[in-house]
Structure formats: C-alpha cells, structure tokens
Number of protein chains: 2
Amino acid sequence: MVNQKEIEMGRLGEFIGFRLRRVQNLLSKDFASATRKYNLRSGLFSSLSLISSNPGISQNELSAAVGLDKSTFVQVIDELEKRGLAKREKSKTDRRRHALFVTDEGQIFLNELYEIMAKTESAALKQLSPSELSLLKALLDRMYEVL
Amino acid sequence: MVNQKEIEMGRLGEFIGFRLRRVQNLLSKDFASATRKYNLRSGLFSSLSLISSNPGISQNELSAAVGLDKSTFVQVIDELEKRGLAKREKSKTDRRRHALFVTDEGQIFLNELYEIMAKTESAALKQLSPSELSLLKALLDRMYEVL
DNA sequence: TTAAATAGTTTGGTTTATCAACTATTATGT
DNA sequence: ACATAATAGTTGATAAACCAAACTATTTAA
C-alpha cells in the first residue's frame, strides 16, 4: 500500500527552512541506515572530518562549527578517543585547550564514511546538472554567511 | 571578538547534506530563540500548520509527515489540546481514528508563528534574487522527490 | 465468525541535548 | 602587578525523543 492521500503543505511550503529540513532529513536518515553497523552518534562523522581538515582544532571551535553544545561534545570526543579514531593533546600555547588530531586509523575510517556519504547523496545529485549543483552550493553558502 | 580563524571544510564541503544542515541549523535556532517565550516543543509548529492545511488528518498520517514517532506524537497533540490550539474529534467513518482540527485560537496563534518564521528567514532570503529563490526551491523539490 | 491488522495510548529503558555550576588557565583594566 | 573577567573543558541534573512492547478499541480479511 502506497501513499494514497498526498498531504497539503499549506503555508508551510512557502518557507525555505521547511524544504531544507525535508531534504536534509531524508539524506541523514539514509546515511544513518547505511552506517547503522558502525553505531555512529550524531555529529561524530562531521566532527572527525573537521578535525581531519583542521588538525589541532579545539573542542570549542569544533562544537561551534558542528552546531552542538560544548558539553555534548565532550562525549563525542570521548568516543572518538575510545575508538582510537582521534586524540586529545594539551596545547602548548594555551594549556586550557585540547588540540584535536585524527589518528591514522581514524583517517582510514573517515575515508570509508566519505564513500558511504557520496553513495547516499548520489541519487539526489543525479537530479542536478553540474552547474545547478555549484549554484545550489553558492546559494546555500550565501545564506549561511549572513545568518 | 569575531571569527578569527576560518574553519576549513575539507572533503565535508563536497557534500550537499553538510551545507543543507548548516543553513537549516541556524534557521531553526533563530526560530527557536524568537519563539522561546511560547515554549514550543519541537514539531509543534509544523504539526499545527499541517493540521490547518489538512483538516481532519489522523495522528498517524501527521506523525509520518512530521517525522516524529507516533508515541511521541501523543504528547504533542495533548499539548495542542491543553493549550486550546487544536482538538481531537472521533472520526465518524472509523472510530479508531482521531480527526484533528485547529481551533480559531490556534489559527490566530499559527498566523503569529508564520510571521515570526517569515522574519527569521528574511535575512537569508534577502541574499537571493526572486529567480534564485524559485530555482532553489525547485532544486530542493527535485532532490526530495527522488529520495 | 474467528483471526489479523490498524489507531491510539501507556510504560519503561536508552540515548541525547541543554543548562548551570565548577576547575584550571589566560586575558584585561586600572 | 593585581584583582577581575573571560575562556576551555568537564560534570551532573534535567528534560526530551526514540524505540519497543503491551494493551484497548475498532475495523478488515480469511
């Protein structure tokens, strides 16, 4: 039995946030089910990736970038460390800070996740021409910068 | 003190889901802080809106559309009723179902929320020309349909 | 007319996010 | 220089959300 009655979006459909959430919701659910065996908590993938591209980043900088509270983040980093994917090191210039680094094992794992993510998005991306895709990215970036 | 060190997105920046989440995250946080005084639980606004545009919808149909579990949803509807914003009515054709309706008061409240949401999005939308906005919506809809 | 399915509810267990308070360290103002 | 404020990270309490299971009432199917 398929969707028989289409739901009317009404004024909700006028808002761009609604459309963003709809698409992002489906993408993240697909990614979650494709990586269920890894038991990834939310924010773990993006954290690991951002540590990789910003070696030595602090927990606060990272939590701001990912959009999670810094206290939630302690457990994310705990888990990355426990799994041997990343490690904390005391910063030498500011001993309050923990400089974060991805381990070799973490980088290998990360590359697997990139492939899964690329596969997850491929269906959606096939709908867009290259120029449409780059325009979409540019529009989203413009919106992000001003918020 | 402003952002001094720009974060490097690395391979994460290749993925469209990352950009979608970033923007949507900021939008929903802005909306949440603009409506903090109303003490809205998550899903309440979109539920009320979808009941309004689909009068008589059932709880199961609604929970699927909003993306929340049906058991979580019981409390959302409880709260809508307690606040006098919506009401349950026994369906006459199927007495298992609750047909949901927005009250007059609920519609007034909903209109306020629409305005707040429009204001929340206005900063982001000012960045886009009308044609860019309609293209953005079209691209997002194309992605949504295929997922 | 049994048996199975559906809509809604309740309960219990698990996970996650958020907030305030706390320690340690660094930065600032006079 | 010294008192005060700000920052980074952590902890613990609290509040939501999810999930699964069990249950009632009702409808559909065999």
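Chain naming here is simple, since letters A, B, ... match the order of the sequence lines and numbering starts at 1 in each.
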Checklist entry - Hey, does the side chain of Glu121(A) reach the backbone of Ile16(B) with a donor-acceptor pair shorter than 3.5 angstrom? => result yes
Checklist entry - Does Lys90(A) NZ have over 12 foreign heavy atoms under 6.0 Å away? => result yes
Checklist entry - Are any side-chain N or O atoms of Ser52(A) and backbone N or O atoms of Val102(A), one a donor and one an acceptor, separated by less than 3.5 Å? => result no
Next on the checklist: On the nucleotide dT9(C), are OP1 or OP2 found under 4.0 Å from the side-chain N or O atoms that Gln59(B) carries?
Outcome noted: yes
Item to check | Rounded interatomic separation in angstrom, taking CZ from Arg97(B) and C1' from dT9(C) | outcome: 16 Å
Next on the checklist: Rounded to whole Å, how long is the line connecting atom CD of Glu89(B) with atom P of dG8(C)?
Outcome noted: 14 Å
Checklist outcome for this item: Between its two end axes (five pairs each) the helix from dT1(C)-dA30(D) to dG12(C)-dC19(D) turns, nearest 10 degrees, through 20°
Next on the checklist: Quick check against the 3.5 Å criterion: does Gln59(A) have a side-chain atom that pairs as donor or acceptor with the backbone of His98(A)?
Outcome noted: no
Checklist entry - Donor-acceptor pair, Ser122(B) side chain versus Lys119(B) backbone, under 3.5 Å? => result yes
Checklist entry - Distance only, no hydrogens: is a donor on one side chain within 3.5 Å (strictly under) of an acceptor on the other, for Ser58(B) and Asn60(B)? => result no
Checklist entry - Given atom CD1 of Ile77(B) and atom P of dA7(C), what is their separation to the nearest angstrom? => result 15 Å
Checklist entry - Does dT6(C) have OP1 or OP2 sitting under 4.0 Å from an N or O in the side chain of Asn60(B)? => result no
Checklist entry - Going only through I, L, V, M, F, W and Y residues with side-chain contacts under 4.5 Å, is there a path from Leu85(B) to Val74(B)? => result no
Item to check | side-chain hydrogen bond (donor to acceptor under 3.5 Å, both in side chains) evaluation trace for Tyr38(A) with Glu112(A) | outcome: CA-CA 11 Å; Tyr38(A) 298 124; Glu112(A) 284 183 48; 2.7 Å; yes
Checklist entry - If only atom types and distance count, is the side chain of Ser91(A) paired as donor or acceptor with the main-chain N or O of Asp94(A) below 3.5 Å? => result yes
Item to check | Atom pair distance, as rounded to whole Å: CZ in Phe73(A) and C1' in dT18(C) | outcome: 15 Å
Next on the checklist: So if I take residues 18-37 of chain B and measure heavy-atom distances to DNA chain D, which residues fall below 4.0 Å?
Outcome noted: none
Checklist outcome for this item: Lys87(B) NZ to dG8(C) C1', in whole Å, measures 19 Å
Next on the checklist: Students often mix this up, so state it plainly: with edges at 30° and 60°, are the rings of Phe45(B) and Phe15(A) parallel, tilted or perpendicular?
Outcome noted: perpendicular
Item to check | Sidechain-backbone polar pair: Ser53(B) side chain, Glu8(A) backbone, donor-acceptor under 3.5 Å | outcome: yes
Checklist entry - Can you check the Glu81(B) CD to dT9(C) C1' distance for me, whole Å? => result 13 Å
Item to check | Annotated protein contacts, base or backbone, on nucleotides 17-30 of chain D with a non-hydrogen cut-off under 4.0 Å, one of B, S, - each | outcome: SBBB----BBS---
